[in-house]
Amino acid sequence: MSDRLLIVDDEPDFSTFVKRVAEGCGYQVRTTTNPAEFRTWTREWRPTHIFLDLVMPEVDGVEQLRFLAGDLCAARIVIMSGFDARVVDAARRIGTERGLDIVATLQKPLRAAELRQLLESQHSDEDTISESALRDALSNGEIRPYYQPKVDIRSWTPVGFEALLRWCHPHRGVLPPDKFVPVAEASGQIDQLSSTVARQALEQLGQWRRDGIDARVAINLSGLNLHEEALADRLDALAGTYGVPRELVTFEITETAAMAQPLRALDILTRLRIKGFKLSIDDFGTGFSSLVQLHRMPFCELKIDKSFVQDCDKAREARVIVKTMIDLAHNLNMSAVAEGAETEAVLHTLAELDCDVVQGYALGRPMAAPAAVAWLSEWATAH
């Protein structure tokens, strides 16, 4: 996948200057002064890089950052402006905290050498996955779920697994999702990717039930999947095909994705609940959901992000945050799930804080389906 740079700036001469330097660095480049055209190209051309002018006459850069965050844009973003440096830095923080990849800020005017150095440093990695390679991997069945155990921390009873995507690459080994999910989102393959993991996980759950294995499965959805009005019907039909009771399946969606388009998310997530599926708000604490929106959404489970969990045994602030989230979940009649528990000390702390369910390396790493069955047997013997 070649590097594609989209420049939005109200000074055509400046855009032409950046375009000339970027093309000399091997980028494909499009420029625009029109905010509506910028948004259309962002969605249809899927740039890998964006240069965004902060001060625009019709739609300013902060409004554009808000749009990009709502669209779950995965591009590397450079904010440009001749404005006060503190304002530019504030815009950078806004973008970063909304989940955008803000790689640099530039003060106008720019020198060609400075711009060239930045562009060269921001080339996609050589091992970046291409769109065509991902498409082939989906066709060849190379992408499949690995299963990470989830355990009730009070009874130490396994309650199921989270199905985590892995690419079993023929030359590069097992690749984690952060290597290819952004490519799927940028290239319009995220629906196919999510369908692939849902189908395989539901098929596996159905087979486990026929084998007498009592388990539940959590499956991740991308925020971009929430555009599909028929999503609930399609997932319900899949569960029916494999004979899976809907209450054994939890769909996880990140806080940022759920709140980006709250009305649309509310529509689709409510229909999933009506079908009988459970819902989890994932990575909680890393986004900007309001308590009002959280209360409105039909979630059954609040999943605390690992960035808080992994330090809760030794950092007072992290412990307080985790405790607050657990209490919030319980007060909203949700179960509290902590991810990223990597040590025995963290497990004991989570038990003290009255967490419900835990997952992490201290219990088990993501594993292929046969290994997950073996893990269940070993756990039963040990406990």
Side-chain angles (χ1 to χ4, degrees), residues 1-10 12 15 18-19 22 27-54 56-80 91 94-103 122 124 128-135 138 177-178 180-195 220-231 234 253-269 287-288:
M1 182 171 61
S2 60
D3 290 318
R4 299 185 296 273
L5 172 62
L6 177 58
I7 304 167
V8 56
D9 196 294
D10 62 345
S15 294
V18 176
K19 181 175 187 288
Y27 288 78
Q28 296 180 42
V29 184
R30 289 186 182 183
T31 67
T32 183
T33 60
N34 185 292
E37 188 173 53
F38 166 74
R39 295 186 178 199
T40 298
W41 282 353
T42 297
R43 285 175 167 160
E44 296 180 357
W45 193 49
R46 292 292 180 183
T48 58
H49 300 70
I50 293 174
F51 273 35
L52 176 67
D53 187 12
L54 193 59
M56 299 278 287
E58 297 179 37
V59 179
D60 64 54
V62 173
E63 292 176 282
Q64 297 288 33
L65 289 172
R66 190 184 304 150
F67 157 75
L68 293 171
D71 208 45
L72 302 179
C73 178
R76 300 179 185 181
I77 300 170
V78 175
I79 297 174
M80 307 179 298
I94 289 169
T96 298
E97 292 179 3
R98 285 184 178 270
L100 296 171
D101 186 11
I102 311 295
V103 297
Q122 290 302 322
S124 298
T128 295
I129 301 298
S130 69
E131 296 174 15
S132 59
L134 178 59
R135 192 173 296 110
L138 285 166
D178 61 355
F180 56 90
V181 168
V183 179
E185 292 180 333
S187 63
Q189 298 182 73
I190 190 61
D191 283 343
Q192 185 181 359
L193 188 66
S194 296
S195 294
N220 290 279
L221 292 177
S222 164
L224 296 182
N225 296 136
L226 298 185
H227 73 91
E228 183 187 352
E229 290 185 354
L231 180 64
R234 185 164 57 78
I253 184 163
T254 63
E255 177 185 6
T256 301
M259 302 307 167
Q261 298 288 339
L263 182 58
R264 182 177 61 182
L266 180 62
D267 180 308
I268 294 172
L269 296 179
F288 281 85

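Not a single side chain to side chain donor-acceptor pair (under 3.5 Å) links Arg66 to another residue, sequence neighbours left out. Residues forming a ring pair (Phe, Tyr, Trp, His ring centres under 6.0 Å) with Phe180 (at least two apart in sequence, or on another chain): Trp167. Thr40 pairs by the side chain to side chain contact (heavy atoms under 4.5 Å, CB included) definition with Glu44, not counting sequence neighbours. Considering only residues two or more places apart in sequence or on other chains, Ala22 meets the side chain to side chain contact (heavy atoms under 4.5 Å, CB included) condition with Leu5, Tyr27, Val29, Leu119. The side chain to side chain donor-acceptor pair (under 3.5 Å) check on Asp191 picks up Asn225, His227, with sequence neighbours excluded. Applying the side chain to side chain donor-acceptor pair (under 3.5 Å) criterion to Glu228, with sequence neighbours excluded, gives Arg234. In terms of the side chain to side chain donor-acceptor pair (under 3.5 Å) criterion, Thr33 has no residue partners (sequence neighbours excluded). Applying the salt bridge (Lys or Arg N to Asp or Glu O under 4.0 Å) criterion to Arg43, with sequence neighbours excluded, gives Asp71. Considering only residues two or more places apart in sequence or on other chains, Asp267 meets the side chain to side chain contact (heavy atoms under 4.5 Å, CB included) condition with Arg271.
Listed here is the closest heavy atom pair of Lys19 and Ile7: N-CD1, 3.9 Å. Across all non-hydrogen atoms, the minimal contact from Pro182 to Ala74 is CB-CB, 4.4 Å. In terms of heavy atoms, Asp3 sits closest to Thr48 at CA-OG1, 3.4 Å. Annotation for Trp45 and Gln28: closest pair CH2-O, 3.7 Å, computed over non-hydrogen atoms.
For CD of Glu63, the number of neighbouring non-hydrogen atoms (other residues, nucleotides, ligands) closer than 6.0 Å is greater than 12.
For the pair Arg98/Leu65, no side-chain contact is recorded, criterion being any heavy-atom separation below 4.5 Å from C-beta on. Inter-residue side-chain proximity for Val78 and Gln122 is flagged as unmet; no heavy-atom pair is nearer than 4.5 Å.
Note that CD of Gln189 and CG of Leu224 are 12.5 Å apart. Values are rounded to the nearest 0.5 Å.
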